[in-house]
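One structure is given here, and the rest of the page talks about it.
Ligands are counted one by one from 1 in listed order, and the atoms in each one are counted from 1 as well.
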Amino acid sequence: MSLLDKINRESLPQHVAIIMDGNGRWAKQQGKERFEGHAAGVSSVRLIVEAATELKISHLTMYTFSTENWNRPEEEIKALMSLLVQAIAKETADLIKNNVRLKTIGDLSRLPDEARKVLEQCIEDTSASTGVTLVLALSYSARWEITEAAKKISSRVLANELQIGDITEKTISDNLSTAGIPDPDLLIRTGGECRISNYLLWQVAYSELYFTDTLWPDFGKEELYAAILDYQNRERRFGKTSEQVKK
Ligand code: IPE
Ligand code: IPE
Ligand code: MG
């Protein structure tokens with residue numbers, strides 16, 4: 001029996017964010033090169049997007065390449081970028097067919113021209129999709145994003161378009177690259193580490209966190225269902241008492 005049958009369709013997370021970690025260790029376990037782990041990881045992305053489509057989850061945000069990942073060996077960065085170009089070019093038709101809309105967050109200006117081009121094309125080609133919004137975090141870190149928001153907001157104050165007293169939490173949210181996207185309900189990290197690694201720091205303020213030892217290339221639909229079932233057994237209190245939220 002699939003865990004899918006146990007999922008309550010009435011209380012699904014609307015937005016699932018994932019830190020896809022463990023590709024390198026998976027490759028090592030298999031006696032393969034690190035880039036082969038990343039290539040295997042692409043298959044997991046495919047499966048999870050498919051599962052999200054089937055479940056009608058509205059947003060999926062995948063940590064694909066962090067600001068800090070620019071410090072990896074040049075060879076690995078190159079392999080990751082060419083994998084990205086290949087995967088986007090290969091998957092665009094299926095994304096359209098499955099009604100998936102692609103978005104990105106992060107500093108795309110640091111990406112190689114070819115990667116940026118193929119992403120922009122895919123974003124345009126999938127812009128009419130109304131199903132899952134797939135957000136790839138690329139050259140992304142939350143501190144970069146919050147710094148950019150601080151710059152945008154302060155320049156509006158300097159231009160007298162905004163008063164300091166009018167700055168609210170919504171002003172901050174609206175100036176992040178995730179503006180308009182609901183905060184993640186569930187954050188999953190694969191690969192066994194229990195850390196956030198500079199991901200969506202503002203947005204995960206009240207997300208349910210799920211850490212699993214499963215390495216990303218081994219993470220498939222059943223593993224996602226297990227994470228969702230775990231989420232559905234949590235009581236989200238948002239600061240209130242248990243009695244209050246049960247009402
Ligand atoms: C995650 O897998 C993919 C990226 C960060 C790009 P890793 O490459 O970090 O895999 P491990 O952590 O070395 O196993
Ligand atoms: C986080 O994984 C970034 C991505 C999954 C893209 P890392 O493997 O880079 O995280 P740390 O450095 O071990 O925290
Ligand atoms: Mg890692």
inquiry  = Polar contacts were defined as any N/O atom of the residue lying under 3.5 Å from an N/O atom of the ligand; does this apply to R195 and ligand 2?
reply    = yes
request  = Name the closest protein heavy atom to atom 10 (O) of ligand 1, giving the residue it belongs to and the distance to 0.1 Å.
outcome  = G24 N, 2.9 Å
ask   = Any N or O on Y63 sitting closer than 3.5 Å to an N or O of ligand 2?
value = no
query = Do E223 and T214 have side-chain N/O donor and acceptor atoms under 3.5 Å apart?
reply = no
note = When distances are taken from atom 6 (C) of ligand 1, the protein heavy atom at minimum range is T64 O, 3.6 Å
remark   = atom 7 (P) of ligand 1 has as its nearest protein heavy atom D21 OD1, 3.6 Å
task = Is it possible for you to say whether L186 and L47 belong to one hydrophobic cluster, with membership spreading through side-chain heavy-atom contacts below 4.5 Å?
result = no
inquiry  = Show the atoms of ligand 2 that are less than 4.0 angstrom away from any heavy atom in S197.
reply    = 10 (O), 11 (P), 14 (O)
ask   = In the protein, which heavy atom is nearest to atom 2 (O) of ligand 1, and how far is it?
value = N23 N, 3.2 Å
ask   = Is there any N or O on N69 that sits under 3.5 Å from an N or O of ligand 2?
value = yes
M20: numbered ligand 2 atoms lying under 4.0 Å from its heavy atoms = 5 (C)
ask   = E145 and Y140: which non-hydrogen atoms are nearest, and at how many Å?
value = OE1-OH, 2.6 Å
request  = Measure R72 to ligand 2 on non-hydrogen atoms and call it side chain, backbone, both or neither using the 4.0 Å cut-off.
outcome  = side chain
query = Given the protein's heavy atoms, is any one of them under 4.0 Å from atom 12 (O) of ligand 2?
reply = no
task = Heavy-atom distances under 4.0 Å are what count here, so tell me which part of R34 touches ligand 1: side chain, backbone, both or neither.
result = side chain
request  = Provide the atom name of the closest N, O or S atom of D21 relative to the Mg ion (ligand 3).
outcome  = OD1
query = What atoms in ligand 2 come closer than 4.0 Å to a heavy atom of F65?
reply = 6 (C)
query = Do E75 and K78 meet the salt-bridge criterion of a basic N to acidic O distance under 4.0 Å?
reply = no
ask   = Does some non-hydrogen atom of R189 fall short of 4.0 Å from ligand 2?
value = yes
